[in-house]
Amino acid sequence: MVDLRLGYDDWRAEVRQFLADELPPGKEFYLDYDEAEHKWDFAVEFTKKVSEKGWIGLTWPRAYGGLERSVVEQYILLEEFHRAEAPLLNLIGWSLTAGMLLYGGTEEQKATMLPEIASMKTIWAEGLTEPGAGSDLAGLTTSAVPDGDDWLVTGQKTYTTFGSRSDLLLAIVRTDPSAKRRHEGLSFFGVDLRAPGVTVQPLWNIAGGRQNHIFMDQVRVPASRLIGEVNRGWEYITRSFYTSGVPFLRHSTMERKYRLLTAYCTTAKRGGRLLIDDPEVRGKLAEIDIMMEVQRVLAETGLSDTVNGRRSDATSIYQVLAKESIPRFAQLAFEIVGPLGQLSGESPYAALHGELQAWYLQAFGNHAAGTPQIKRMVLATRGLGLPK
Amino acid sequence: MLDTDFDADQEALRLVARDFLAATVPLGSLRGPDYPHDVQPTFASETWRAVADLGWLGLGIPVEYGGGGAGLTTLCALYGELGRALVSAPCLEVAVVAGGVIASAGTEQQKTELLPELCAGRLVVIPTLVGENGEIDVRETVTSAERTDEGWRLTGTKPLVAYAGSADLFLVPAHAGGDAAGDVSMFLVPAAAPGVVVTSLPSMSGVPLSAVELSGVTVGADAVLGMPGRGMDHLAPAMLRGKVLRCAEIAGAGERVLDITVAYAKQREQFGKPIGQYQAVQYLCTDLAMATRVTQLLARQASWILDEQAPHENRVRAALAYGSDAARQIAHCSHEVLAGLGFMVEHDLHLFTRRLKHWEMDLGDAGHHSRLLADLLGASAAS
Ligand SMILES: Cc1cc2nc3c(=O)[nH]c(=O)nc-3n(C[C@H](O)[C@H](O)[C@H](O)COP(=O)(O)OP(=O)(O)OC[C@H]3O[C@@H](n4cnc5c(N)ncnc54)[C@H](O)[C@@H]3O)c2cc1C
Ligand SMILES: Cc1cc2nc3c(=O)[nH]c(=O)nc-3n(C[C@H](O)[C@H](O)[C@H](O)COP(=O)(O)OP(=O)(O)OC[C@H]3O[C@@H](n4cnc5c(N)ncnc54)[C@H](O)[C@@H]3O)c2cc1C
């Protein structure tokens, strides 16, 4: 057994110092599912500073704008960022798109697109889901047909996070309608979201933020924006989900919330007693602590497996438990805080500055990037070898 | 052995209510004026008047004071439907909690003056129950009442009052005469009295919530309801009855969420099949159905126990604990089935999600009623 964190104290301190310098205390950064102007502008400004440090392409080859640092350092970086709920943008760009480019992109694409992501020149959105294709991604119908040197893309993507703010859509589309199996004949494009033929419509979510519908009508996309080779889209997406090298760190986000919650419990009284002195409250805090511990050990095991090139069951288990823990956490927090948790906004009566009700509503968005049921299926079929 | 089916009159009432509310309270009417950005609901004044005209507000109030004199089992039939329709008006707060307290604690004069007006929907009496720090136990409030020459002076804040903006009178529990612990006294405070400040507060709850601040509000001696220092004698039973009907509302809303969810599971296809064919989805739908139906059965049984004054408070508490948690489970299961769609404002599910969260905690959450149940079990084991 080896402690992967050993020797990285200075690195962690550097990241913490950066966050302390760049994130003014008391400012609201939390950006999940939101595209509001004031939050977006700050997030862009912040992410540009991260990019100036070279930290976006931290693990990539230097030739593509990276720093060639280890995945352990990336893990530590993200752990600290999540803990601070830092408003880091372009997650799709530097995880999914970059992972896909590094796996299957052409040399020219790697040499141009990756540095653009690293330097915050292009922001990417994820264009997988369609009205008829959610869990069943391979059921998608958006198509691209060749037209001279270009492709013409037609169809609709939906639930697109940051669709109104991004430059490019990483869109999976059907390029060979005659393929024998549904998941053959799919390809990825980087579709310019400002090109003629693209219409973006808001899809407001219950947590006060937005996703988008993206309508594409004969949108002209140059062949240079076809990622890698044609008809290899399914291979690219499944590989990139697992090889983008970006660890899952939901539990670190939960840590910040847990800190706010325990701080509340040590100051708020109910019926004349501090919440922290209530045995039922303590039991619930302990349950949250165990939940975070479980996720942390799985995330670190997933990281070790990556570092050592081992096949990882920890990541699949993490995905299930992380998804399922989101609503459970929100519920426990509500039970601890009680009815004042319903209040939003800045009224003096709103518990936790109105954040709790947002956590609760946001928890219903835990279907992003796959539902808990599908994550269990992946664990059952890929992990345990159960028949499909 | 109890047959919880409604009798013919109760069933007829339920069907009338179902049809009337389906025709007059479309879910779309619950969306705020600036929808989807403004999801703060408002008081549905037309529905309120209609509910009063139909005699439903006074249904449980004694006949001699303008009511229908019906028992809790009959109210269960009505409140199931009010819940199903997510009616955006304080029927339960005014008619069951405040009305119940006035009917039980009021002097003859208070009853004759207030109750007929209340039944007619012309007098909105809003209970202010949640304590300054979110306490559910009304006795833990720090609102105080000082004796003056003419009556009383009240000071304190009730931070979470539903429909306060529509109130004519507030029902205010407070500690009287410097006694900060122990039982409360109850006061009727005009919303328009000097020193009463109502501040509307934004929330996720699906009902309009406000803080009601009382800064040295003076009221006459006749504003006291019941004997000073004996508030819980009247408040506790009214809150118990109120929560039984909340559970009926939770079950009513649950039935509608179940309809929405099952219909979606039949229609939505993924991997070439309706998602309702996948066991993961079937488990979610059946959990939702079970939570809804059991809540309904337990609420009906609890209402019967209270009507019969049968000595089964433990079974009533069990019903309330179960029903409160079911509110959470109903929303959770439906969101899991609807996945991305349920997270979007364009779908109506969130209207239920919000209201169910409020009802889960209103008049005591599952933990509160479980604790009281445990106390009863402990006491009976010891005796
Ligand atoms: C907040 C948020 C942000 C999002 N952002 C993006 C984005 O940026 N880009 C993007 O492309 N997509 C995005 N999505 C879409 C997301 O990936 C989908 O919601 C998700 O894949 C589920 O698809 P669906 O909502 O269509 O649900 P469905 O697939 O229709 O699922 C409905 C129900 O059926 C179940 N189900 C489906 N198939 C099976 C099966 N075979 N066995 C058992 N159960 C099954 C599901 O588990 C679920 O319970 C986002 C979603 C949300 C909520
Ligand atoms: C929007 C979105 C975001 C995602 N994000 C992530 C992520 O961040 N990380 C991650 O690890 N995974 C992610 N996933 C992947 C997801 O968890 C599954 O891997 C994916 O839905 C396909 O399942 P599979 O890997 O088993 O497919 P494969 O085994 O590659 O599927 C092969 C074929 O079987 C079909 N198939 C698969 N399951 C079924 C079924 N139950 N019934 C019938 N046919 C089936 C497929 O449609 C396909 O034709 C995401 C998926 C979506 C849709």
Side-chain angles (χ1 to χ4, degrees), chain A residues 33 129 131-136 138-139 158-159 182 202-208 210-211 268-273 275 280 284 327-328 331 334-335 337-351 354 356-358 360-368 371-374 376-377, chain B residues 35-37 39 130-137 139-140 142 157 159-160 181 199 201-207 209 211 268-272 275 278 280-281 283-284 328 331-332 335-347 349-350 353-354 357-358 360-362 365-368 371:
Chain A
Y33 318 135
T129 308
S135 302
D136 180 15
T158 191
Y159 301 137
R182 300 184 314 151
L203 193 52
W204 304 104
N205 70 43
I206 66 172
R210 79 182 264 187
Q211 268 67 41
K269 287 186 175 176
R270 199 157 51 221
R273 175 166 70 171
L275 293 188
E280 285 185 31
K284 289 176 209 267
R328 179 68 190 149
Q331 175 65 19
F334 235 122
E335 288 174 11
V337 170
L340 294 181
Q342 294 172 85
L343 298 174
S344 51
E346 278 302 308
S347 96
Y349 309 107
L356 180 55
Q357 54 84 34
Y360 187 77
L361 290 173
Q362 281 157 3
F364 293 113
N366 68 337
H367 309 288
T371 68
Q373 293 76 31
I374 294 295
R376 272 189 188 261
M377 264 176 35
Chain B
Y35 202 79
H37 302 289
V39 289
V130 174
E132 280 74 357
N133 300 301
E135 293 91 351
I136 290 301
D137 186 336
R139 290 166 300 189
E140 288 172 351
V142 298
T157 302
L160 209 71
T199 312
L201 302 173
S203 80
M204 61 147 293
S205 73
V207 295
L209 296 176
R268 169 73 171 169
E269 290 189 5
Q270 287 290 277
F271 304 102
I275 56 167
Y278 298 117
V281 173
Y283 274 37
L284 290 164
R328 170 200 63 77
H332 173 77
H335 275 282
E336 289 287 298
V337 174
L338 270 65
L341 183 61
F343 192 59
M344 301 301 153
V345 172
E346 66 174 31
H347 194 279
L349 179 60
H350 74 104
T353 307
R354 293 167 186 280
K357 193 71 200 164
H358 182 69
E360 173 191 341
M361 290 179 291
D362 187 35
D365 65 0
H368 175 79
R371 271 190 299 281

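In what follows, chains are A, B, ... by sequence order, proteins preceding strands, each numbered from 1. Given the structure is predicted, the values throughout are model-derived calculations rather than measurements.
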More than 12 heavy atoms of other groups within 6.0 Å of R139(B) CZ: no
Engaged part of E360(B) at the chain A interface, taking heavy atoms whose separation is under 4.5 Å: side chain
R268(B) portion near chain A, given a 4.5 angstrom heavy-atom threshold: side chain
Donor-acceptor pair, side chain of Q270(B) and main chain of G132(A), under 3.5 angstrom: yes
Distance in Å, K269(A) NZ paired with E140(B) CD, rounded so as to fall on 0.5 Å steps: 12.5 Å
Rounded distance [0.5 Å steps], CD in E135(B) versus CG in L340(A): 8.0 Å
Region of L349(B) that comes under 4.5 Å of a non-hydrogen atom in chain A: neither
Candidate pair R354(B) and I206(A), rule side-chain contact (heavy atoms from CB on, under 4.5 Å), full reasoning: CA-CA 10 Å; R354(B) 293 167 186 280; I206(A) 66 172; 4.3 Å; yes
side-chain contact (heavy atoms from CB on, under 4.5 Å) between K357(B) and F334(A), intermediate numbers included: CA-CA 10 Å; K357(B) 193 71 200 164; F334(A) 235 122; 3.4 Å; yes
Residue among E346(B), H350(B), M361(B) with most heavy-atom pairs under 4.5 Å to chain A: M361(B)
Chain A contact via T157(B) - which portion, at a heavy-atom distance below 4.5 Å: side chain
Heavy-atom contact with chain B under 4.5 Å, split by part of F364(A): both
Contact class of A351(A) relative to chain B, heavy atoms under 4.5 angstrom: neither
Non-hydrogen side-chain atoms of L361(A) and F343(B) separated by less than 4.5 Å: no
Backbone of H335(B) reached by a side-chain donor or acceptor of H367(A) within 3.5 Å: yes
Region of P339(A) that comes under 4.5 Å of a non-hydrogen atom in chain B: both
Spacing of CG belonging to D136(A) relative to CD1 belonging to I275(B), to within rounding of 0.5 Å: 12.0 Å
Heavy-atom closest contact (G345(A) atom, P202(B) atom, distance): CA-CG, 4.5 Å
Least distance between heavy atoms, S135(A) atom then F271(B) atom: O-CZ, 3.5 Å
Toward chain A, the part of L284(B) with a non-hydrogen atom under 4.5 Å: side chain
Greatest number of heavy atom pairs closer than 4.5 Å to chain B - which of R376(A), E335(A), E280(A): E280(A)
Most contacts with chain A, counted as non-hydrogen pairs under 4.5 angstrom, among A280(B), G367(B), G131(B), S203(B): S203(B)
E336(B) CD to Q373(A) CD distance, which is reported to the nearest 0.5 Å: 4.5 Å
Interchain contact, M204(B) with chain A, by part (heavy-atom threshold 4.5 Å): both
Toward chain A, the part of H358(B) with a non-hydrogen atom under 4.5 Å: both
Intermediate values then yes/no, side-chain contact (heavy atoms from CB on, under 4.5 Å), H332(B) and Q331(A): CA-CA 10 Å; H332(B) 173 77; Q331(A) 175 65 19; over 6 Å; no
Backbone of E132(B) reached by a side-chain donor or acceptor of Y349(A) within 3.5 Å: no
